[in-house]
Protein chains: 2
Amino acid sequence: MRDVAALAGVSLKTVSRVVNEEPGVSPDVRERVGAAVRRLDYRPNLAASNLRRTGARSGLIGALVQDVSNSFSASLLRALEDAARAHRTGVLAASLDEGVDREQELVHDLVTRRVDGVVIMPASDRQDYLVAELRTGTPAVFVDRPPRGVDVDSVVADNALGARLAAEHLLDRGHRRIAALFHLPQITTASDRRAGFTAAHTDRGLRPDERLVVEGITSTDEASEVVHRLLDLAEPPTAIFAGRNILASGAVRALQERGLHRSVALVGFDDFPLADLLDPPLTVIRQDVSKMGRLVAERLFARIGGDTSPPQHVVVEPTLVARGSGEIPPGA
Amino acid sequence: MRDVAALAGVSLKTVSRVVNEEPGVSPDVRERVGAAVRRLDYRPNLAASNLRRTGARSGLIGALVQDVSNSFSASLLRALEDAARAHRTGVLAASLDEGVDREQELVHDLVTRRVDGVVIMPASDRQDYLVAELRTGTPAVFVDRPPRGVDVDSVVADNALGARLAAEHLLDRGHRRIAALFHLPQITTASDRRAGFTAAHTDRGLRPDERLVVEGITSTDEASEVVHRLLDLAEPPTAIFAGRNILASGAVRALQERGLHRSVALVGFDDFPLADLLDPPLTVIRQDVSKMGRLVAERLFARIGGDTSPPQHVVVEPTLVARGSGEIPPGA
DNA sequence: CTACGGCCTGACAACGTTGTCACAGGGCAG
DNA sequence: CTGCCCTGTGACAACGTTGTCAGGCCGTAG
């Protein structure tokens with residue numbers, strides 16, 4: 001900047017004025033400075049600028065998702081990125097892998113970096129630690145899983161409803177032995193889905209077969225093993241509800257290995273690429289990820305813009321997409 | 001920091017020393033300052049620190065990929081993230097969507113933000129513009145597609161080899177009318193793959209049927225339409241080579257719609273989740289994405305660390321993964 | 001001619017931090 | 001007792017930028 005000022009024969013402040021397009025600079029000076037800027041390929045130092053400006057923004061938001069390479073997280077990230085771009089803001093993305101400590105570390109790191117806001121798909125059970133972090137004024141919005149121990153905006157799917165839709169779909173087709181695979185029970189999405197699954201039964205005066213309900217499954221391989229085990233039972237399930245996208249993959253694999261993919265019904269939670277190309281095409285509960293991403297960004301940038309209204313908790317309704325695998329009748 | 005110094009009864013500089021764990025501070029002062037830091041929840045301002053320190057790092061790298069939500073880009077991003085974490089560095093990710101202008105803008109933006117380095121999966125044909133950007137000292141590493149017009153490190157797959165493997169696999173099984181779908185020809189990955197496809201034929205004294213080779217396909221839907229059209233020909237292909245993951249999806253869809261998925265062979269380029277669960281399981285050319293990500297990070301952090309050796313161009317060999325779809329004989 | 005106001009421009013301090021250097025105090029050798 | 005070195009600490013400037021304010025110039029009205 002000093003060099004630019006020297007080359008243009010003006011003071012530092014005037015260069016600053018031109019660079020920031022402030023009014024009150026005569027056209028010819030503006031032109032001289034502009035030429036000098038181009039000639040020297042001058043780039044303003046955003047960090048220094050932010051340092052001086054009171055309450056300036058870093059133009060950066062943090063996004064902590066479960067796993068950047070998971071299709072759900074990735075799609076969400078993409079929606080966030082698009083919304084952030086409109087605010088000339090970059091997205092700093094990181095994967096938590098359900099690591100509670102990592103969540104805390106990364107939030108701390110992001111706040112220390114002075115990001116303008118944070119989007120969190122939490123791995124932790126409770127987020128009391130956030131209260132201290134948010135005192136710095138950094139807004140946070142939760143997505144996919146609601147906050148506990150701290151009251152901030154959130155955008156989540158109605159997981160109980162989604163699971164209920166899946167279970168009702170299967171029950172309505174006559175299934176009575178429905179297996180269900182869920183993620184870690186301490187994660188609210190998993191417990192809500194389980195609750196919805198159960199409620200669909202009790203509403204009809206039925207009860208889920210507890211031997212067929214398995215919680216705490218964290219990987220595709222594990223899901224596959226569990227399905228194999230369930231199919232070995234004396235009274236194997238006639239249908240399966242996979243409570244998460246990677247669990248559905250495991251279930252599909254196990255059924256194919258058994259040659260049962262056309263005999264046992266399957267409904268997955270979360271849509272994913274190619275689900276419609278499987279044999280049979282996979283019936284799923286779909287969350288509108290792009291919409292969720294947009295809503296999250298909307299809340300976050302409202303907060304960044306100074307919105308101090310009470311925290312909003314947006315619930316998005318999932319829908320059932322019938323493609324074939326969920327419409328297999330019992331005993332097929 | 002001023003408050004911390006006041007509370008601990010020391011000077012600013014001493015607080016700085018304690019925070020940065022510099023030697024030469026007596027244990028009791030260190031303790032007092034530490035207590036004050038905790039009590040006030042003091043967080044050092046990284047931007048100010050970087051401003052003062054000469055040649056300090058921002059602890060941030062930029063990653064410009066084709067599309068954050070594409071499984072290839074997402075997996076690469078994840079590998080980058082893991083490697084960056086080891087260097088206490090965050091990843092600023094953005095999608096280019098093959099937008100040439102956006103690529104330039106984003107690179108400019110990242111350099112202006114003073115990121116420590118940039119990973120680029122370029123959308124542009126040539127990157128002469130980078131020369132000016134890199135004069136600032138920001139290192140760049142290309143991935144998936146090699147640089148042109150600027151000489152920097154790169155990590156790419158041997159695309160010609162991959163396509164050759166696919167074509168040979170099909171030719172060896174007796175196919176002679178092999179359709180091939182490619183992305184935009186100005187993108188080197190696409191043209192290299194096409195060249196490899198052709199070479200496999202000429203090596204055997206054959207020639208690809210040009211009516212069956214289609215370039216410039218950018219979406220799944222378009223790929224699907226093209227396959228439908230090719231299947232309508234008087235002499236339809238007995239096998240298809242899809243030169244990119246999203247094109248393979250379109251081909252699978254078209255074949256399924258025709259009920260030909262078990263009669264026409266198909267080999268895709270790029271592995272993706274669930275490819276092994278399709279009917280029939282999809283034979284693909286696999287690039288080891290995690291490995292590529294690691295290699296990219298290795299080069300980038302070496303450069304950030306001061307490595308000034310000549311640019312390295314790492315080529316990763318893809319492999320063919322036979323799963324079924326590529327082993328369908330002609331006329332099945 | 002004087003006075004006043006508006007338009008441009010620049011000097012200076014400040015943002016939060018750290019590199020440099022100076023200095024106080026204490027221990028130790030001569 | 002003197003002089004030196006070492007250890008611990010602080011004052012000050014500087015990083016690159018912008019907010020504040022003062023001041024010079026010009027035109028216009030009185």
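Proteins come first, then strands; the chains are lettered A, B, ... in the order of their sequence lines, and each starts at number 1.
Among the heavy atoms of the strands lying under 4.0 Å from A/Arg43 are primed sugar atoms or P, OP1, OP2 only; no base atom is included. Among the protein residues, B/Asn20 comes within range of the sugar-phosphate backbone only, with heavy atoms under 4.0 Å from sugar or phosphate atoms but none that close to a base. Contacts of A/Arg114 with the nucleic acid, taken as non-hydrogen atoms under 4.0 Å apart, are absent. Backbone-only contact: B/Val29 has heavy atoms under 4.0 Å from sugar-phosphate atoms and none from a base. B/Val10 comes within 4.0 angstrom of the backbone, heavy atoms only, and of no base.
Residues A/Val15 and B/Asp28 each lie close to DNA chain D; by heavy-atom proximity, the contact nearer the 5' end of the strand is made by B/Asp28. Sequence order on DNA chain C of the closest nucleotides to B/Glu22 and B/Leu51 puts B/Leu51 first from the 5' end.
Looking at the side chain of A/Ser49, the nearest of the listed nucleotides D/dT17, C/dT9, C/dG10 is D/dT17. Ranking C/dG10, C/dT17, D/dT9 by closeness to the B/Thr14 side chain, first place goes to D/dT9. Among the nucleotides D/dC15, C/dG10, C/dT17, the one closest to the side chain of B/Asn45 is C/dT17. When distances run from any side-chain atom of B/Val25 to the nucleotides D/dC15, D/dT18, D/dT9, the shortest one goes to D/dT9. Minimum atom distance to the side chain of A/Arg52 is reached by D/dT18, of the listed D/dT18, C/dG16, C/dT18.
Within a 6.0 Å radius of CZ in B/Arg39, no more than 12 heavy atoms belonging to other residues, nucleotides or ligands are found. Counting non-hydrogen atoms of other residues, nucleotides and ligands closer than 6.0 Å to CZ of B/Arg57 gives a total of 12 or fewer.
Between the OH atom of B/Tyr42 and the C1' atom of C/dG16 there is a distance of 7 Å, rounded to whole Å. In this structure, A/Leu12 atom CG and C/dT9 atom C1' are separated by 13 Å, rounded to whole Å. Across the protein-nucleic acid pair, A/Arg32 atom CZ and C/dC8 atom P stand 14 Å apart, rounded to whole Å. Residue B/Lys13 contributes atom NZ, which lies 6 Å from atom C1' of C/dG19 at whole-angstrom precision. A/Met1 has its CE atom 7 Å from the C1' atom of D/dG16, to the nearest Å.
In this structure, B/Asp153 contributes its side chain and B/Gln312 its backbone to a donor-acceptor pair below 3.5 Å.
In summary, the side chains of A/Glu81 and B/Ser95 do present a donor paired with an acceptor at a separation below 3.5 Å, with no hydrogens or angles considered.
Considering only side-chain N and O atoms, B/Ser26 lies nowhere under 4.0 angstrom from the phosphate OP1 or OP2 of D/dT7.
Side chain A/Arg17 to base C/dG10: a donor-acceptor pair is found below 3.5 Å.
Two residues are said to be in side-chain contact when any heavy atoms from C-beta on lie closer than 4.5 Å; B/Val156 and B/Val315 meet this criterion.
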